[in-house]
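Worksheet: one structure, shown below.
From a predicted model like this one, the values you see are computed outputs, not experimental measurements. Letters go in sequence order (proteins before strands), and every chain restarts at 1.
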Amino acid sequence: MDQDKNVSSFTRLDILIQYYLDRVTPYVVARWLTNLCLLIVFVVRIISIHGFYIIAYCLGIFLLNQFLLFLTPKQDPSFADDDDHAPSLPTRSNEEFRPFMRRLPEFKFWYITFKAFAISLILTFIPILNIPVMWPVLVIYFIVLFVLTMRQPKLIADQAPAAIKEGEMANYFGRKIAIDASMSIYQFLIAVRQNGENLTNDSGETTSHLMGMFYRTIRMIENGIKPVYVFDGKPPQLKSKELEKRLERRTEAEAEKTKAADAGDGEAFDKFARRTVKVTREHNDDCKRLLTLMGVPYVDAPTEAEAQCAALVKQGKVYGVGTEDMDALTFGADVLVRHLTFSETRKMPIREYSLTKALQGLGINFEEFTDLCILLGCDYCDSIKGIGQKRALDLIKQHRNIETILKNIDKKKYAVPDDWAYEQARQLFKVPEILPADATDLKWTEPDEDGLVSYMVKEKGFS
DNA sequence: CCTCTATCAGCAGACGTG
DNA sequence: CCACGTCC
DNA sequence: ACCTGCTGATAGAG
């Protein structure tokens, strides 16, 4: 990287130095022993002559600074920092593709400290630098620099062992992946439209969802991925409050939509039409039919599709969950794959999240992680106002569970909701209603081409 | 002043072609 | 590699 | 009888 810098100022001396540097590179232990010796000499000298304290201070600060840089992983610009709503995941690169790049590599760290020791030592021979300093001044100086230094690397705790892996579709050849069907259908219904309306066949039935599901599934199969779609069941009781809100929002949008239609405002109509989209029984049934014809299995979840997906992972029936929804981790799916679908068209890399590694990185266990997610806000209950990602994680790390947190926080500052149902929410995450392992039989078969053709072309008007 | 949080708006597919 | 139009 | 999120910008509180 800074080879470039060196190139620009090529002199004989530089070449010579570079030559020796290259030669000593392999001897890690010897190099650091050398530095240690220099340090000892320096300390002995400072102590024996009772002076040059300021140089010792500067050296100390400098070393601290460099050490932190050494500990800090290299910032990857493509990782803008992902998490917000859901699990606060440590953002770090991945293990196999890039091993943990340090911002300051070991060799550079050694070289720079070597120079620092040498220069400091030399400086102690220059009498004019033996400035008498008052101790308090040095202490203040130290604190200022320390604060500045600590702030620079974003958060030292950020260094999680690779919880996120990036890859391409090809890496998932032969893998079985569970997918939340309702979610996909929803996306198709919203995205696939023309002139504000969904695509339909001659008799006016919507076909957007079939379109999307057909192509997306084909693409996955082409890449050797074996998808299994999971359909939503009826939502749990706790979610009803949340659902009411959504219904309200939708009826509101409905009203706006008709208003826009009367006013002839096409754009507004389009906008509100998207908000009124709802996945119906018919959509689900259409897709199930399509999947059967394609030889792709599906599962009817008793309640939440995400929970069932996670269960399939835990039961070892699939490799991971393909979703954009971080709740899958809260349900205990160890592997979550994002951007699985559109990685090829847009060059969005597929990101694979590992629950165990994320937990390691955050320094908490699964129960604490569940509590953390509840604090951050889930569909099942309210969260505490004034506690967001940072404070929630701090609180969990400090108190380890919600009960203890509740005992310890200032209730005046942070209003805890009345009848806060966090315990039930926790139960839902911990023991969600799911199908037992033997109730799901996942078989991928050859597509029924004739059946497909007759269904798609004759019934739904595809060509 | 800076940091953290809450809130709101906007957006959401896949393909082939030029 | 993009913007754009079409899919039903 | 009922079904979803994320991102980014912005304002406000502490």
| With both distances under 3.5 angstrom, what nucleotide forms a Watson-Crick or G-U wobble pair with B:dT7? |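 Across all strands, the one nucleotide that pairs with B:dT7 is D:dA9.
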
Considering only [options], which nucleotide approaches the side chain of [X] most closely?
X: A:Arg391; options: B:dT5, D:dC3, B:dA6; value: B:dT5
X: A:Asn201; options: D:dC2, B:dA6, C:dC8; value: C:dC8
X: A:Met211; options: D:dC3, C:dC7, D:dT7; value: C:dC7
X: A:Lys390; options: D:dC6, D:dC3, B:dC4; value: B:dC4
X: A:Gln194; options: D:dC2, C:dT6, B:dA14; value: C:dT6
X: A:Ala191; options: D:dC6, B:dT5, B:dA12; value: B:dA12
X: A:Tyr215; options: B:dA12, B:dG13, B:dA14; value: B:dA14

| For A:Tyr229 and A:Thr217, does a side-chain donor sit closer than 3.5 Å to a side-chain acceptor? |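 On atom types as modelled, these side chains qualify, holding a pair under 3.5 Å.
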
| message | Can you confirm whether the side chains of A:Thr323 and A:Glu306 place a donor and an acceptor under 3.5 Å from each other? | response | yes

| task | Scan A:Arg426, A:Lys397, A:Arg400 and name whichever one has a salt bridge (charged side-chain N to carboxylate O under 4.0 Å, His left out) with A:Asp371. | result |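 Going through the options one by one, the only one that passes is A:Arg426.
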
So what does [X] hit on the nucleic acid, given a heavy-atom distance under 4.0 Å: a base, only sugar-phosphate, or nothing?
X: A:Ile387; value: sugar-phosphate
X: A:Glu205; value: nothing
X: A:Leu189; value: nothing
X: A:Gly212; value: nothing
X: A:Ser182; value: nothing

| said: Looking at A:Glu459 and A:Arg289, is any side-chain nitrogen of the basic one under 4.0 Å from a carboxylate oxygen of the acidic one? | reply: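 Between A:Glu459 and A:Arg289 there is a salt bridge, with a charged N closer than 4.0 Å to a carboxylate O.
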
Should [X] be listed as having a side-chain N or O under 4.0 Å from OP1 or OP2 of [N]?
X: A:Ser463; N: C:dC8; answer: yes
X: A:Arg193; N: C:dC7; answer: no
X: A:Arg281; N: D:dC2; answer: no

| Taking for each residue the nucleotide of DNA chain D bearing the nearest heavy atom, is the 5' side occupied by A:Met183 or by A:Lys234? | A:Lys234

| message | What is the distance, to the nearest angstrom, from the CZ atom on A:Phe214 to the C1' atom on B:dA14? | response | 12 Å

